[in-house]
S.K.: 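This structure is in structure tokens; I'll ask about it shortly.
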Amino acid sequence: MIRDLLLETYGKYLGGDLVNTVLSKNEVMVHACGKIDGYEYTNSVDALDMAIKKGGRYIEVDLSLTKDERVVCVHKWDKNTFERLGIAYRTEGLSYDEFMKSKYYDNYSTMDLDMIIDYLKKYEDLYIMLDVTKDLDEEDTKKIYELIIKGFEENKKLLDRVVIEGGSIEMFEAINSIFDFPNKHFYLTGKDINEERVDEILEYIKNDGHFVGVSSHKKNVKVDIIRKVHKLGIVYITYPINEPAEALKYFNFGVDIICSSELTKEDLLKEIENMSHEDKVRLFFEKDVFAVDTAGAYIVSISEDEAECAMKVEHKHINGSGIVQGGALFTLADFAFGVLADSKGYPQVSVSNTISYLRPGELGDVLTAVARVVSKGNKICFYKVDIYNQDNKHLATMDVTGYIKNIKILK
């Protein structure tokens, strides 16, 4: 398990324990049956075969209705789909026979729902997430799910390995009126990423009792939302992730599963094995939401007894007098202390921070905080942090007393 290895590498700071649902046993889900020969969103037989051959067992498949109301594996009937099929665009989509006789990029075979059911029969360790296009009206939503249930009529047990994805409470109400699927998954759109809306959705998920996960686009991942999802005992998924380092970053935030068209478990294992100690420290501190995301602090370099961090002064850092707010300087200095202290492998918390402001910072400045070890003890350590601007002018100095906690976070 990738997440087990991450826990072993970084300790128990990662957000949320894995839970007992059909989505909790894997950390890489294949997106749209996977990429094949550089092509994405084919949802083709060839792409699915390749994904399974590479070890993929959690696979997301897109479904749409043909114009004669059959369920096929299509992301949606847009111009991109017709371009992949080499057919002139039509707003009404294709008939079932037209689609099944077509090939993506003149090479890759199309699929329908019956073929997905056959794959579930063939591979008893295969799990499928069915992603029905979310821009259907209530009538068409009911229609496609009626057909999905009809397709599984003689194989209802297979639904234990099927997850239904939807993007709104209204969509799930329409789905539930047809069939109460055992495994449901809620996709949060950009408009859902606010506290009131998220709380409404999570309350709905809690009351339903059959949801196994929540997901969002990677640009909408928020640590506080992930924690709320974990409190319900279900997993959080994000997409599209196609670089190993990016995948580890989101696992670090607490994401349980990443959805990728090309990454495999082996890719992530190799990334972990090749990471330097400094890379691990950088990954660890990407989870510092306030210093990194809000204030804009970042790590420049780390050595045995020194850490250098920086921050560009933006409008958000300016106080009423038109200079850098003292709290912004304090945040940068405290961040540099944390990077140096925690890079030793055991987290430290500051017992006291004393800062002296020597001269003001200004809009546009690039501030650098240099943290150094003054002395070390078994439980108490002392640090000094100095902040300079791009002209090497000394803006502030901070003395920090740190307390070493008995928890291993970096190995």
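These numbers were taken from a predicted model, which means no experiment stands behind them.
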S.K.: Between Glu362 and Lys393, does at least one N-O distance fall below 4.0 Å, as a salt bridge requires?
M.R.: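 Looking at Lys393 together with Glu362, the answer is no, because their closest N to O distance does not fall below 4.0 Å.
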
S.K.: State whether the side chain of Asp256 and the backbone N or O of Tyr236 hold a donor-acceptor pair below 3.5 Å, judged by distance alone.
M.R.: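 Yes, Asp256 side chain to Tyr236 backbone: donor-acceptor pair under 3.5 Å.
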
S.K.: I'd like to know if the side chain of Glu308 and the backbone of Val300 have a donor-acceptor N/O pair within less than 3.5 Å.
M.R.: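 Not confirmed, Glu308 side chain does not pair with Val300 backbone.
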
S.K.: Would the distance check show the side chain of Asp288 and the main-chain N or O of Ala291 forming a donor-acceptor pair, the cut-off being under 3.5 Å?
M.R.: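 Pair found, side chain donor or acceptor close to backbone of Ala291.
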
S.K.: Show, in sequence, the C-alpha distance, side-chain angles and deciding distance for Arg372 and Asp386, and conclude whether the side chain to side chain contact (heavy atoms under 4.5 Å, CB included) test is met.
M.R.: CA-CA 9 Å; Arg372 299 181 179 88; Asp386 293 292; 3.7 Å; yes

S.K.: Evaluate side chain to side chain contact (heavy atoms under 4.5 Å, CB included) for Asp46 paired with Tyr104, printing each intermediate quantity in order.
M.R.: CA-CA 10 Å; Asp46 312 80; Tyr104 286 107; over 6 Å; no

S.K.: Evaluate Tyr119 against Leu126 for side chain to side chain contact (heavy atoms under 4.5 Å, CB included), listing each step before the verdict.
M.R.: CA-CA 8 Å; Tyr119 274 97; Leu126 181 65; 3.9 Å; yes

S.K.: Ignoring hydrogens and geometry, is there a side-chain-to-backbone donor-acceptor pair from Thr238 to Ser216 under 3.5 Å?
M.R.: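 Checking the backbone N and O of Ser216 against the side chain of Thr238, a donor-acceptor pair under 3.5 Å is found.
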
S.K.: Using the six-membered ring wherever Trp is involved, compare the ring planes of Phe82 and Trp77 and label them parallel, tilted or perpendicular (cut-offs 30° and 60°).
M.R.: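 If you compare the ring of Phe82 with that of Trp77, the planes turn out tilted.
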
S.K.: For Glu138 and Lys142, what are the C-alpha separation, side-chain angles and deciding distance, and is it a salt bridge (Lys or Arg N to Asp or Glu O under 4.0 Å)?
M.R.: CA-CA 6 Å; Glu138 182 179 348; Lys142 289 181 177 181; 3.2 Å; yes

S.K.: Tell me whether the rings of Phe181 and Phe179 are parallel (<30°), tilted (30 to 60°) or perpendicular (>60°).
M.R.: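 Correct class here is perpendicular.
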
S.K.: Hey, what do you get for CE (Met50) to CD1 (Ile36), rounding to the nearest 0.5 Å?
M.R.: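 Nearest 0.5 Å value for the CE-CD1 distance: 4.0 Å.
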
S.K.: Let's go through Asn242 and Lys35 carefully: what are the C-alpha distance in whole Å and the side-chain angles of both, what is the deciding distance for side chain to side chain donor-acceptor pair (under 3.5 Å) to 0.1 Å, and is it a yes or a no?
M.R.: CA-CA 10 Å; Asn242 290 315; Lys35 183 181 284 189; 6.0 Å; no

S.K.: Compute the ring centroids of Tyr187 and His217, then answer whether they are less than 6.0 Å apart.
M.R.: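 They do not qualify: ring centres at least 6.0 Å apart.
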
S.K.: Are any side-chain N or O atoms of Asp293 and backbone N or O atoms of Gly296, one a donor and one an acceptor, separated by less than 3.5 Å?
M.R.: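 No.
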
S.K.: Could you check Thr110 against Lys103 for side chain to side chain donor-acceptor pair (under 3.5 Å), going step by step and ending with a plain yes or no?
M.R.: CA-CA 6 Å; Thr110 52; Lys103 286 185 178 290; over 6 Å; no

S.K.: Ring centres under 6.0 Å, that's the criterion: do Phe285 and Phe335 meet it?
M.R.: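 Yes, the ring centres sit under 6.0 Å apart.
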
S.K.: Are Leu94 and Thr66 side-chain neighbours, meaning at least one heavy-atom pair lies under 4.5 Å?
M.R.: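 No, their side chains stay 4.5 Å or more apart.
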
S.K.: Would you call Arg197 and Glu200 a salt bridge, taking side-chain N to carboxylate O under 4.0 Å as the test?
M.R.: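 So Arg197 pairs with Glu200 through a salt bridge.
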
S.K.: Okay, side chain of Arg57, backbone of Tyr127: is any donor-acceptor separation there less than 3.5 Å?
M.R.: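 No, because the side chain of Arg57 does not come within donor-acceptor range (under 3.5 Å) of the backbone of Tyr127.
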
S.K.: Set out, in order, the CA-CA distance, both residues' side-chain angles and the distance that settles side chain to side chain donor-acceptor pair (under 3.5 Å) for Asn353 and Tyr383, then state yes or no.
M.R.: CA-CA 10 Å; Asn353 300 60; Tyr383 298 82; over 6 Å; no

S.K.: Go through the steps for Thr331 and Asp334 under the test side chain to side chain donor-acceptor pair (under 3.5 Å), then give the verdict.
M.R.: CA-CA 5 Å; Thr331 295; Asp334 189 59; over 6 Å; no

S.K.: Say whether Tyr41 and Asn80, considering side chains only, have a donor N or O and an acceptor N or O under 3.5 Å apart.
M.R.: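 Side chains of Tyr41 and Asn80: no pair found under 3.5 Å.
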
S.K.: So, Phe211 versus Phe172, ring centres under 6.0 angstrom or not?
M.R.: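 Centroid separation for Phe211 and Phe172: below 6.0 Å.
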
S.K.: Whether the Ser215 and His185 side chains hold a donor-acceptor pair (N or O, under 3.5 Å, no angle test) is what I'd like checked.
M.R.: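 There is such a pair between these side chains.
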
S.K.: Here's a test for you: under side chain to side chain donor-acceptor pair (under 3.5 Å), which of His31, Glu40, Glu60 qualifies with Ser261?
M.R.: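 The side chain to side chain donor-acceptor pair (under 3.5 Å) with Ser261 is passed solely by Glu40 among His31, Glu40, Glu60.
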
S.K.: Taking Asn43 for the side chain and Asp62 for the main chain, is one N or O donor matched with an acceptor at less than 3.5 Å?
M.R.: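 At least one qualifying donor-acceptor pair exists.
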
S.K.: Check whether any side-chain N or O of Gln325 sits under 3.5 Å from a backbone N or O of Gly327 as a donor-acceptor pair, and report yes or no.
M.R.: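 A pair under 3.5 Å: yes.
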
S.K.: In terms of side-chain heavy atoms, does Glu98 have a donor or acceptor partner in Ser95 at a distance below 3.5 Å?
M.R.: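 Yes - a donor-acceptor pair under 3.5 Å links their side chains.
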
S.K.: Indicate yes or no: does Asp224 engage Arg227 in a salt bridge with an N to O separation below 4.0 Å.
M.R.: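 Answer for the salt bridge query: no.
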
S.K.: Distance-only, no hydrogens or angles: does the Asp365 side chain make a donor-acceptor pair with backbone N or O of Leu367 under 3.5 Å?
M.R.: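 Flag not set: sc Asp365 to bb Leu367 has no pair under 3.5 Å.
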
